[in-house]
Amino acid sequence: VFDHMDELGLMLHIVLQETENETLLDNGDTGPERSIFYREMIARYAHHLMVTWNMGEENGPAGFSPNGQNSMQQKAMLKFIKDNDPYQNYTVIHSHSMPHERDSLFGLLLGYEHLDGMSLQAGNPANVHDITLQWIDASAKAGHQWIMTTDEIGHSSKGVLPDDIEHHNQDTVRAQVLWGTLMAGGAGVEWYFGWKYHNNDLGCEDWRSRENVWQFTRHAMDFFEEHLPFENMIPADELVTGDEVYCLTERGNIYAIYLSNGGTTTLDLGDTEGTFAVQWFDPRNGGDLVEGSVSTVSGGNQVKVGIPPSDPDQDWAVLVTRT
């Protein structure tokens with residue numbers, strides 16, 4: 001299975017423990033038992049093409065799981081992995097879903113050199129964009145930039161629902177979670193399947209149960225990889241107007257805008273000159289860039305990007321590029 005993942009270019013995400021057993025080895029310390037376990041995992045699996053070492057699911061104390069590891073124990077685990085993994089693979093800790101439990105724990109880890117990012121769990125999918133922005137900004141200010149990924153969304157009974165469920169939530173999670181993460185500068189999303197529905201997280205035997213989800217996830221990847229120098233772009237929601245309208249930019253050259261609820265927006269080009277092309281991308285169906293009601297705009301002021309060529313009430317991405 002792991003060799004097959006390597007051939008496909010899939011990241012191997014290894015979650016080393018769960019909240020229910022995080023103090024099982026050495027009472028949470030990195031003592032002899034935990035050290036042997038980590039050495040075995042590194043020796044057997046660290047060589048794979050891409051590895052995420054996740055130090056623990058819902059790690060740290062919370063109201064429903066009070067016997068959790070503290071920040072010093074978390075730092076000791078991370079240091080051991082980095083000291084012994086010759087490939088220096090990516091390290092994360094999975095968060096609790098509620099902000100008061102997440103913020104108090106991760107605030108103590110800001111600036112720690114051996115933690116590469118947060119494995120974000122968000123109880124409310126609508127908050128994903130703002131949470132991703134929050135921790136990207138906070139980690140940068142602390143001197144050690146984190147990579148942010150969204151790895152679980154609530155409610156735990158739902159996650160992302162199967163295709164065949166009437167009134168499923170897939171349009172919502174596409175807008176709020178997938179595009180919400182990426183447009184905040186996040187690195188990606190993993191899809192959690194809630195326990196209340198068929199092919200859930202513990203019993204999924206048919207990945208085609210979420211075929212729609214794989215398709216619109218691929219469309220987002222296509223947009224970012226084919227049209228954006230995303231490694232040079234930063235979030236700049238302040239440049240656009242409207243509710244749940246996001247902007248990612250390399251200022252003066254390219255602006256990617258996401259309209260979660262469709263419609264239109266105004267883009268602030270007041271600090272740049274020149275002519276910019278306006279093109280639209282369909283996050284639901286993918287495909288080529290297309291023109292809407294406005295084909296070009298000029299810098300030097302706030303500009304209207306127009307409306308999409310069809311389905312104006314659906315979510316759309318807008319690409320504004322210097323010509």
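All values below were derived from every heavy atom in this structure, side-chain atoms included, with hydrogens, water molecules and symmetry-related copies excluded. Since the model is a prediction, treat every value here as computed from it, not as a measurement.
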*Passes side-chain contact (heavy atoms from CB on, under 4.5 Å), Val320 versus Leu267? Steps please.*
CA-CA 9 Å; Val320 181; Leu267 171 64; 4.0 Å; yes
*Heavy atoms only: give me the nearest Trp135-Gly107 pair and the separation to one decimal.*
CH2-N, 3.7 Å
*Can Thr52 and Asn54 be said to form a side chain to side chain donor-acceptor pair (under 3.5 Å), step by step?*
CA-CA 6 Å; Thr52 296; Asn54 193 325; over 6 Å; no
_Separation between CE of Met148 and OG of Ser119, rounded to the nearest 0.5 Å_ = 9.0 Å
Under 3.5 Å, which donor-acceptor pairs do the side chains of residues 240-247 form with other protein atoms, sequence neighbours left out?
unit_1 : atom_1 : unit_2 : atom_2 : d
Thr241 : OG1    : Thr265 : OG1    : 3.4
Thr241 : OG1    : Thr266 : N      : 3.1

*How many angstroms lie between atom OG of Ser71 and atom CG of Leu115, to the nearest 0.5 angstrom?*
11.5 Å
*Thr275 backbone acceptor or donor facing Thr323 side chain under 3.5 Å*: yes
*Side-chain donor-acceptor pair under 3.5 Å between Thr19 and Glu57, yes or no?*
no
_Determine whether a donor-acceptor pair (N or O, by modelled atom type, separation under 3.5 Å) exists between the side chain of His94 and the backbone of Gly56._
no
*asked:* Just so I know, are the side chains of Asn70 and Gln73 near enough to count as touching, which here means a heavy-atom distance under 4.5 Å?
replied: yes
*Side chain of Gln121, backbone of Ser95: donor and acceptor closer than 3.5 Å?*
yes
_With clusters defined by side-chain heavy atoms of hydrophobic residues (ILVMFWY) lying less than 4.5 Å apart, directly or transitively, does Val213 cluster with Val189?_
yes
*Between His47 and Phe2, does the ring centre distance come in under 6.0 Å?*
no
*Short question: side chain of Ser65, backbone of Pro61 - any donor-acceptor pair under 3.5 Å?*
no
_Distance in Å, Asp288 CG paired with Gln279 CD, rounded so as to fall on 0.5 Å steps_ = 10.0 Å
_Can a donor-acceptor pair be found, under 3.5 Å and without considering hydrogens, that links the side chain of Arg322 to the backbone of Glu273?_
yes
*Is the Trp207-Phe193 ring centre distance short of 6.0 angstrom?*
yes
*Using a cut-off of 6.0 Å, state whether more than 12 heavy atoms not belonging to Met50 lie near its atom CE.*
yes
_Side chain Asp26, main chain Glu33, donor-acceptor under 3.5 Å_ = yes
*Is there a chain of hydrophobic side chains (I, L, V, M, F, W, Y, each step under 4.5 Å between heavy atoms) that links Tyr192 to Leu182?*
no
*Crowding at CD, Glu231 (>12 non-hydrogen neighbours, <6.0 Å)*: yes
*Any salt bridge between Glu238 and Arg251, counting N to O under 4.0 Å?*
yes
*Joint cluster assignment, Leu120 & Ile93, ILVMFWY side-chain distance < 4.5 Å*: yes
*Take atom CZ of Arg218 as the centre, draw a 6.0 Å sphere, and report whether it contains more than 12 heavy atoms from other residues, nucleotides or ligands.*
yes
_Validation row: Pro308, Val290 side chains within 4.5 angstrom (heavy atoms)_ = no
*Are Tyr45 and Leu8 connected, step by step, through hydrophobic side chains (Ile, Leu, Val, Met, Phe, Trp, Tyr) whose heavy atoms are closer than 4.5 Å?*
yes
*Examine distances only and state if a side-chain atom of Asp85 and a backbone atom of Ile81 form a donor-acceptor pair shorter than 3.5 Å.*
no
_Side chain to side chain, Gln176 and Ile153, heavy atoms closer than 4.5 Å_ = no
*Fit a plane to each ring of Phe223 and His227, take the angle between them on a 0 to 90° scale, and name the class: parallel (under 30°), tilted (30 to 60°) or perpendicular (over 60°).*
tilted
*Check the surroundings of atom CG in Asn27: do more than 12 heavy atoms from other residues, nucleotides or ligands lie under 6.0 Å from it?*
no
_NZ (Lys158) with more than 12 external heavy atoms under 6.0 Å_ = no
_Min side-chain heavy-atom separation Thr264-Lys304 under 4.5 Å_ = no
_So Val92 and Trp146, do their side chains get closer than 4.5 Å, heavy atoms only?_
no
*Identify the heavy atoms of Pro283 and Trp316 that sit nearest to each other, and give their distance.*
CD-CA, 3.7 Å
*Hey, are the side chains of Trp191 and Val173 touching, using non-hydrogen atoms and a 4.5 Å cut-off?*
yes
*asked:* A quick test of your reading: do over 12 heavy atoms of other residues, nucleotides or ligands sit less than 6.0 Å from NZ of Lys79?
replied: no
*Stepwise, does the side-chain contact (heavy atoms from CB on, under 4.5 Å) test hold for Gln17 with Asn59?*
CA-CA 9 Å; Gln17 58 187 352; Asn59 192 252; 3.5 Å; yes
*For Asp3, what residues pass the salt bridge (charged side-chain N to carboxylate O under 4.0 Å, His left out) criterion, not counting sequence neighbours?*
none
*asked:* Salt bridge or not between Arg34 and Asp29? Use side-chain N to carboxylate O under 4.0 Å.
replied: no
*Mark yes or no for whether Arg210, through its side chain, and Asn199, through its backbone, hold a donor-acceptor pair below 3.5 Å.*
yes
*Nearest-0.5 Å distance that lies between atom CG in Asn261 and atom CG in Asp315*: 8.5 Å
*Any Asp116 side-chain heavy atom under 4.5 Å of Trp53 side chain*: no
_Is it true that His198 and Asp164 share a donor-acceptor pair across their side chains at a distance under 3.5 Å?_
yes
*CG of Asp171 to OG of Ser260: how many Å apart, nearest 0.5 Å?*
12.0 Å
*N/O donor-acceptor pair under 3.5 Å between Asp163 side chain and Glu211 backbone*: yes
_Any non-hydrogen side-chain atom of His13 less than 4.5 Å from a side-chain atom of Asp151?_
yes
*Measure the CG-CG distance between Asp237 and Leu248 for me, rounded to the nearest 0.5 Å.*
9.0 Å
*Does Pro162 offer a backbone N or O that forms a donor-acceptor pair with the side chain of Tyr197 under 3.5 Å?*
no
*Is Val318 reachable from Leu239 through a run of hydrophobic residues whose side-chain heavy atoms are each under 4.5 Å from the next?*
yes
